[in-house]
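The basis for the numbers below is simple: all heavy atoms, side chains too, and nothing from hydrogens, waters or symmetry mates. Numbers here are sequence positions counted from 1.
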Amino acid sequence: MKIRDYILHVSLSLLVVISVVLTYMIWINPALNQRDQTTTTHERTDVAGTIGTSISDIYAPNSLVYSNNEGQLYQLTSANIDLLGKVTTQLQQWSPRRLKKETTSETAYRQKLHTKNALILNYAARINVPLFEKTLKKPIRAGAKNQRFRRVVVELNQAEHVYLLDDQTHTVYRLNLAKYKVANFRALLKDKQVERNLAEWTEVHHNYSLTYPKPVEVANYSYLVGTENSGIFVTRLLGSSSSNKINTKEEKEQTVYYDGDNQRMVVDARHQTVAYTNYGTTTSTTGRKQPTMSFVKTMTNNLTRLNALRMVLNDVRYDEYDTRTHTAIYRTYINSLPLISEELYGAYKMQQLDNNGINLTFSLYTFQALLPAQPKTTTLISTRQLMQKLATNGYTENNISAIRLGYTWAQNDGSKMVIDMQPTYFIKYEGNWLDCQLITNIKQDNE
């Protein structure tokens with residue numbers, strides 16, 4: 001045991017040294033310094049991965065569920081292959097035809113959600129047909145083009161159509177296909193690198209959450225992390241190449257930058273976050289507010305702004321959308337599970353304001369390298385046990401609008417440069433995500 005710990009400690013130390021050397025080489029490279037002073041429109045590669053992402057990747061399904069011939073559900077994950085990426089590739093091989101509404105019956109909806117011998121592609125938040133078309137890279141023939149949905153049911157015994165499901169309205173749409181290969185999905189299910197966790201659908205506040213009837217085993221991850229220099233975002237966000245055009249003010253642990261016009265950027269040194277606001281401008285000659293953008297236009301503009309940051313977005317996915325405030329949240333996904341943090345670690349929060357204005361908040365922390373984690377897995381209690389413990393601690397079920405399995409950000413005990421991704425349950429309680437491990441013990445090992 002001591003030898004293994006010693007080897008792990010030496011490995012971590014070597015990786016930290018390598019990371020520091022590489023970071024130094026990147027910062028003294030004149031080519032990199034020149035990039036920050038010019039507009040870059042293409043994707044580039046850094047040590048941590050590819051900078052920028054495509055619309056078909058960031059708006060891809062977030063998770064996969066398999067329903068076998070008996071109707072038993074399993075959530076699919078994999079530590080070794082990119083499941084979501086493989087599914088997106090398969091989606092782009094479809095040749096969609098016409099979309100037709102089938103039913104809005106709650107009973108019929110539940111039956112379709114529990115289709116046997118099917119693969120269910122799930123989105124954490126609703127998308128609409130125009131955005132789905134951009135993922136497919138092909139148009140869909142439909143009367144009204146703004147139908148919204150959260151799930152795609154792929155029946156594995158036929159190749160003529162799939163179903164789009166919307167939890168909120170209990171609407172089922174049938175999408176006919178001219179070209180589609182079931183065999184590709186079947187092959188994915190046979191891959192030995194794909195792990196399965198027993199699951200079930202539970203209706204929570206008019207939507208369906210994936211829950212776990214038995215204790216669930218989830219992989220642990222550790223990452224070497226770095227911090228972006230906040231100064232580079234003065235240029236990337238405020239857009240001025242002349243330092244005398246930017247005003248700066250220090251407020252406790254925050255630095256405020258503003259251009260005296262309609263832009264403001266606040267850097268929080270304590271939490272290593274950036275909050276940027278562009279209040280927008282009225283371009284209409286009449287002085288009226290600009291019309292509200294469509295959902296797909298908003299989502300497209302969000303991606304353009306995210307890519308303009310030139311941060312690593314390889315595993316970042318569309319995760320939440322508040323229709324009342326026009327706020328979207330994009331989170332990092334690890335093994336098909338979201339990293340959820342109150343400080344927005346690994347996340348980007350984007351709010352559309354009037355007159356094309358925007359609020360953007362994100363973390364300066366970046367993932368540099370994946371490290372061996374100890375222990376390798378964590379076993380959590382069943383969802384039913386979780387709900388019982390929450391009730392005991394005074395959390396009423398009526399105030400819970402969603403339940404999720406995901407990762408929380410925790411400082412590694414051995415190194416300040418290493419962060420542990422710890423599996424946990426999250427509940428959305430009175431509109432806010434809460435880490436259930438902070439409320440009650442949810443680890444099966446300690447039961």
Worksheet item: Does the side chain of Asp315 pick up a donor-acceptor pair with the side chain of Thr332 at under 3.5 Å?
Response: no
Worksheet item: Quick check: does any side chain N or O of Lys134 sit under 3.5 Å from a backbone N or O of Ser56, one acting as donor and the other as acceptor?
Response: no
Discussion item. Determine whether the aromatic ring centres of residues Tyr221 and Phe367 are separated by less than 6.0 angstrom.
Written reply: no
Worksheet, complete the sentence: Interatomic distance, OG@Ser363 vs CE@Met311, rounded to 0.5 Å, equals 7.0 Å
Worksheet item: Should the heavy atoms of other residues, nucleotides or ligands under 6.0 Å from CD of Glu342 be counted, would the total exceed 12?
Response: no
Discussion item. For His170, is the NE2 atom crowded, meaning more than 12 foreign heavy atoms sit under 6.0 Å from it?
Written reply: yes
Practice prompt. Decide yes or no for Asn146 and Val129: does some side-chain heavy atom of the first lie under 4.5 Å from some side-chain heavy atom of the second?
Written response: no
Item to complete: Inspect the surroundings of CZ in Arg110 and state if more than 12 heavy atoms from other residues, nucleotides or ligands are less than 6.0 Å away.
Response: yes
Fill in: Crowding at OH, Tyr395 (>12 non-hydrogen neighbours, <6.0 Å)
no
Worksheet item: Do you know the tightest heavy-atom contact between Tyr59 and Met299?
Response: OH-O, 2.7 Å
Practice prompt. Quick one: do Gln75 and Leu210 satisfy side-chain contact (heavy atoms from CB on, under 4.5 Å)? Show the steps, please.
Written response: CA-CA 8 Å; Gln75 182 176 22; Leu210 199 63; 3.7 Å; yes
Item to complete: Check Ile381 against Leu386 and note the closest heavy-atom contact, atom names and distance.
Response: CD1-N, 3.6 Å
Discussion item. Is it true that Glu250 and Thr248 share a donor-acceptor pair across their side chains at a distance under 3.5 Å?
Written reply: no
Discussion item. If we count only N and O atoms by modelled type, under 3.5 Å, do the side chains of Asn302 and Tyr330 hold a donor and an acceptor together?
Written reply: yes
Worksheet item: Is the number of heavy atoms from other residues, nucleotides or ligands under 6.0 Å of Lys349 NZ greater than 12?
Response: no
Discussion item. Ile419 vs Met421, test: side-chain contact (heavy atoms from CB on, under 4.5 Å). Steps then yes/no.
Written reply: CA-CA 7 Å; Ile419 296 298; Met421 299 296 150; 3.6 Å; yes
Worksheet item: Got a second to check how far Lys138's NZ is from Phe132's CZ, nearest 0.5 Å?
Response: 11.0 Å
Worksheet entry | Heavy-atom side-chain proximity of Ile329 to Tyr348 below 4.5 angstrom | no
Worksheet entry | Non-hydrogen atoms of Gly280 and Asn262 that approach each other most closely | O-ND2, 3.6 Å
Worksheet item: Do Val162 and Glu155 touch side chain to side chain, with heavy atoms closer than 4.5 Å?
Response: no
Worksheet item: Is there a side-chain contact between Gln90 and Val154, using heavy atoms and a 4.5 Å cut-off?
Response: no
Worksheet entry | Carboxylate-amine/guanidinium contact Glu228 Arg236, below 4.0 Å | no
Worksheet item: Are side-chain heavy atoms of Asn301 and Asn356 found at a separation under 4.5 Å?
Response: no
Discussion item. Could you check whether Phe233 and Tyr276 have their ring centres less than 6.0 Å apart?
Written reply: no
Worksheet entry | Stepwise side-chain contact (heavy atoms from CB on, under 4.5 Å) check, Ile120 with Leu165 | CA-CA 10 Å; Ile120 306 171; Leu165 277 61; over 6 Å; no
Practice prompt. Indicate yes or no for a side-chain donor-acceptor contact from Tyr318 to the backbone of Arg126 under 3.5 Å, with no hydrogens or angles considered.
Written response: yes
Practice prompt. Please answer whether the main-chain N or O of Thr396 pairs with a side-chain N or O of Tyr429 as donor and acceptor at a distance below 3.5 Å.
Written response: yes
Worksheet item: Do any N or O atoms from the side chain of Asp167 and from the backbone of Tyr208 form a donor-acceptor pair under 3.5 angstrom?
Response: yes
Discussion item. Please identify which of these residues, Thr277, Thr325, Asn359, meets the side chain to side chain donor-acceptor pair (under 3.5 Å) condition with Gln351.
Written reply: Asn359
Discussion item. Keeping Thr115 on the side-chain end and Lys112 on the backbone end, is there a donor-acceptor pair under 3.5 Å?
Written reply: yes
Practice prompt. Could you tell me whether the side chain of Phe426 reaches within less than 4.5 Å of the side chain of Leu434, counting heavy atoms only?
Written response: no
Worksheet, complete the sentence: Between Ile400 and His205, the two heavy atoms sitting closest are O-CB, 4.0 Å
Worksheet item: For Ala125 and Glu320, which heavy atoms make the closest approach, and how far apart are they?
Response: CB-CA, 3.8 Å
Worksheet item: Does one side chain, of Asp166 or Tyr109, offer a donor that lies under 3.5 Å from an acceptor on the other?
Response: no
Discussion item. Which residue in the set Tyr407, Tyr365, Phe362, Tyr223 passes ring-ring contact (aromatic ring centres under 6.0 Å, His included) when paired with Tyr345?
Written reply: Tyr365
Worksheet entry | Smallest separation among heavy atoms of Leu337 and Gly406, with atom names | CB-CA, 4.1 Å
Worksheet item: Within a strict 4.5 Å, meaning less than it, do heavy atoms of the Gln72 and Leu198 side chains meet?
Response: yes
Worksheet entry | Check: Thr327 side chain, Asp322 main-chain N or O, donor-acceptor pair, under 3.5 Å | no
Item to complete: For the residue pair Leu360 and Leu309, establish whether any side-chain heavy-atom pair is separated by less than 4.5 Å.
Response: yes
Worksheet entry | Ion pair Asp259/Lys245, N-O distance below 4.0 Å | no
Worksheet entry | Donor-acceptor under 3.5 Å (Thr171 side chain, Thr104 main chain) | no
Discussion item. Donor-acceptor check, side chain of Gln254 to backbone of Val266, threshold 3.5 angstrom: yes or no?
Written reply: no
Fill in: Sidechain-backbone polar pair: Asn128 side chain, Gln147 backbone, donor-acceptor under 3.5 Å
no
Worksheet item: For residues Asp57 and Ser54, is any side-chain donor paired with an opposing acceptor at under 3.5 Å?
Response: yes
Fill in: From Leu83 atom CG to Leu76 atom CG, the distance as rounded to the nearest 0.5 Å
6.5 Å
Worksheet item: CD/Gln368 to OG1/Thr227 distance, rounded to the nearest 0.5 angstrom?
Response: 8.5 Å
Item to complete: For side-chain contact (heavy atoms from CB on, under 4.5 Å), just list the numbers for Met350 and Arg305, CA-CA rounded to whole Å, side-chain angles, deciding distance to a tenth of an Å, and then say yes or no.
Response: CA-CA 9 Å; Met350 190 96 66; Arg305 291 188 173 98; 4.0 Å; yes
Practice prompt. Using the ring of Phe295 (Phe, Tyr or Trp, six-membered ring only), decide whether Arg148 places NZ or CZ under 6.0 Å from its centre and within 45 degrees of its axis.
Written response: yes
Discussion item. Going by salt bridge (charged side-chain N to carboxylate O under 4.0 Å, His left out), name the pairs with one or both residues in residues 397-407, residues two or more places apart or in two chains.
Written reply: Asp319-Arg404
Fill in: Polar contact flag, side-chain donor to acceptor under 3.5 angstrom, Asn62-Tyr333
yes
Worksheet item: Short question: side chain of Thr89, backbone of Gly85 - any donor-acceptor pair under 3.5 Å?
Response: yes
Fill in: Check: Thr202/Thr211 side-chain N/O donor and acceptor closer than 3.5 Å
yes
Discussion item. Distance check, rounded to the nearest 0.5 Å: Asn220 atom CG versus Asn335 atom CG?
Written reply: 11.0 Å
Worksheet item: Quick one: OG1 on Thr273 to CD on Glu343, what's the gap to the nearest 0.5 Å?
Response: 8.5 Å
Discussion item. Regarding Thr424 and Asp435, do their side chains bring together a donor and an acceptor under 3.5 Å, going by distance alone?
Written reply: yes
